[in-house]
Amino acid sequence: MLKILIPTLFLLPTTWLTSSKWLWPTALTQSMLIALGSITWLNNTTDTGWTALNSYIGTDPLSTPLLVLSCWLLPLMLLASQNHLSSEPMNRQRMYITLLATLQLFLILAFGATEMIMFYVMFEATLIPTLLVITRWGNQTERLNAGTYFLFYTLAGSLPLLVALLMLQNNTGTLSLLIIPYAKPLLLMPFGSKIWWAACMIAFLVKMPLYGMHLWLPKAHVEAPVAGSMVLAAVLLKLGGYGMMRLMIVLDPLSKEMVYPFIVLALWGVIMTGSICLRQTDLKSLIAYSSVSHMGLVAGGILIQTPWGFTGALILMIAHGLASSALFCLANTNYERTHSRTMLLARGLQIALPLMTTWWFIASLANLALPPLPNLMGELMILTSLFNWSAWTLILTGIGTLITAAYSLYMFLMSQRGPLPQHMLALPPSYTREHLLMALHLIPLLLIILKPALLWGWFAC
Amino acid sequence: MADYREAPLATRPKTLDPNEYFNLSPDYRRAEAERAALRAGLKRQYQLQLNNPHRKELIEDPALNRWVYARANPYNHFKATKKTSLLGALFGVAPLFILYYVFKTDRVRSFNWMCAGLWVC
């Protein structure tokens with residue numbers, strides 16, 4: 001763990017001490033080496049499952065895929081931000097990279113934490129660099145509103161979590177993830193325990209986000225610069241899923257009754273947000289709502305607490321992280337050329353930028369869960385475990401899958417096919433950097449097809 | 001005017017229809033001429049921008065901007081009428097209760113069947 005944490009920590013002096021000519025190559029190389037080093041975490045050979053274990057941090061099959069994803073994303077974020085930051089003063093560029101590196105550090109500590117309070121503190125700490133990136137480097141005036149929504153939705157959801165965790169600590173004497181599964185269940189007054197259950201879950205459901213509490217997400221995703229959108233979509237949403245998976249063990253006997261409203265919200269949200277996607281005019285907003293839709297499925301999979309549900313949720317989280325981040329990078333390539341997110345303005349790009357169309361195609365196919373991509377594996381596992389939970393969910397998830405295919409194809413056809421606007425002159429051809437960025441997103445996604453067992457979490461058989 | 005011959009199935013535009021044209025009052029014709037001049041000014045502005053060799057950015061279309069803003073900010077002009085409340089209740093509130101009822105009864109029924117040994121897998 002230290003061989004990843006210390007290089008990440010020292011990315012901060014690196015950004016401030018390198019000369020301006022070598023800033024970006026150095027930051028990229030260091031973060032790429034960290035990413036490659038983090039892949040070694042996927043090797044879980046211990047009997048108990050916990051590797052790299054010390055008093056504070058450890059990795060287990062549930063956290064390693066998410067850790068590798070967040071480490072993999074930092075070089076991709078740096079690649080994506082290089083262009084729009086090149087016109088800023090040097091110190092601001094260094095500040096941006098510093099914020100991304102501190103976010104990375106907090107994310108590694110959050111996913112690697114074995115103590116729930118450490119996870120909570122890191123969960124909150126990730127909000128600050130993200131808020132700074134959204135509000136300072138976003139492109140429209142609405143970014144302040146977006147930052148406010150983002151911060152206060154998440155904070156309001158997570159303060160009850162602090163109280164709930166402290167109560168758990170009081171009752172069980174520990175909050176270590178290694179010990180909690182074996183502790184006695186929390187016995188409170190009937191209504192009090194329901195409130196405690198809700199307090200534990202609401203923070204993560206807001207973060208995921210669950211359909212009723214998702215208003216912060218389209219705003220934050222749309223107003224954030226590309227690196228902010230990437231990290232939000234790929235990793236920060238998964239913090240919610242990861243937290244839910246960890247805490248589910250403790251909440252057990254209560255969960256049988258309490259999950260119903262949230263599963264209903266999650267599944268209905270899949271359909272509603274999918275339908276909203278079909279009516280969007282703003283490209284980034286469409287991708288943001290598709291994130292809500294996929295995360296609704298993940299929330300459904302986690303809340304039913306079955307092995308396949310958890311496995312499907314974990315795979316879908318990783319696959320969606322890569323695919324959604326790829327789509328945001330593609331949207332950014334459009335934005336950098338036309339300075340507009342309106343889909344109508346950037347149509348017919350297959351004529352102008354045919355190679356980018358390949359990446360658009362693969363990313364859209366990933367979004368609509370084409371076999372044999374891991375997106376399909378995750379969705380199918382969640383679908384079948386939800387069907388086992390109650391047969392009627394198949395109607396909702398089936399319609400949801402259809403709508404997902406519809407809006408993914410709509411996004412692809414709207415941006416690539418159709419007439420190219422006649423007044424567009426300055427469409428620079430695709431940079432190698434952009435092709436590299438897309439390749440680094442989609443090649444891991446394609447490689448996961450070959451061994452998805454890496455991502456199955458605790459239930460890899 | 002000039003050599004305008006309409007397409008077989010098209011109607012003549014209003015300003016070229018001889019019936020309309022010669023029946024109009026001078027005031028109306030003056031107003032139409034002013035409007036045509038405004039339109040021509042807008043078209044000239046667009047053509048200047050379109051053919052400007054130093055232009056690097058997109059031509060800004062204010063109508064598109066207004067449309068995009070309107071599609072992105074519906075809640076500023078939202079009014080709770082009977083229709084909107086009905087739609088909200090039908091799609092936002094009722095499905096939650098209906099689905100809760102459906103899932104709960106289905107789960108309770110299958111649990112009872114399992115307890116009674118009637119559940120055939």
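We name chains A, B, ... by the order of the sequence lines, and we start the count at 1 in each one.
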Exercise. Any chance CZ of A:Phe191 has more than 12 other-residue heavy atoms, nucleotides or ligands included, within less than 6.0 Å?
Worked result: no
For this session: State whether the number of non-hydrogen atoms from other residues, nucleotides or ligands found under 6.0 Å of A:Ile351 atom CD1 is greater than 12.
Result: no
Under 4.5 Å from any heavy atom of chain B, what part of [X] do you find: side chain, backbone, both or neither?
X        : answer
A:Thr338 : both
A:Ser285 : neither
A:Ile271 : neither
A:Arg341 : neither
A:Leu344 : side chain

Seminar exercise, completed: Nearest heavy-atom approach of A:Trp268 to B:Leu96 is CD1-CD2, 4.0 Å
Exercise. At their closest point, which heavy atom of A:Ala391 faces which heavy atom of B:Asp106, and how far apart are they?
Worked result: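 Closest approach of A:Ala391 to B:Asp106, heavy atoms only: N-OD2, 3.5 Å.
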Exercise. Taking atom CG of B:Leu99 and atom CG of A:Leu267, what is their separation to the nearest 0.5 Å?
Worked result: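 Result: 8.0 Å between the selected atoms.
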Seminar exercise, completed: Here the gap from B:Tyr75 atom OH to A:Leu215 atom CG, rounded to the nearest 0.5 Å, amounts to 7.0 Å
Problem set entry | Leading residue by heavy atom contact count with chain B [cutoff under 4.5 Å; candidates A:Tyr260, A:Trp392, A:Tyr211] |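 Max contact count across the listed options: A:Tyr260.
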Problem set entry | Interface moiety of B:Phe91 toward chain A, non-hydrogen atoms closer than 4.5 Å | both
Problem set entry | Basic-acidic side-chain contact under 4.0 Å: B:Arg107, A:Glu257 | no
Exercise. Does the pair A:Asp282 and B:Val68 meet the rule for a side chain to side chain contact (heavy atoms under 4.5 Å, CB included), with working shown?
Worked result: CA-CA 8 Å; A:Asp282 181 340; B:Val68 168; 5.8 Å; no
Exercise. So, B:Arg71 side chain and A:Arg279 main chain: donor-acceptor pair closer than 3.5 Å or not?
Worked result: yes
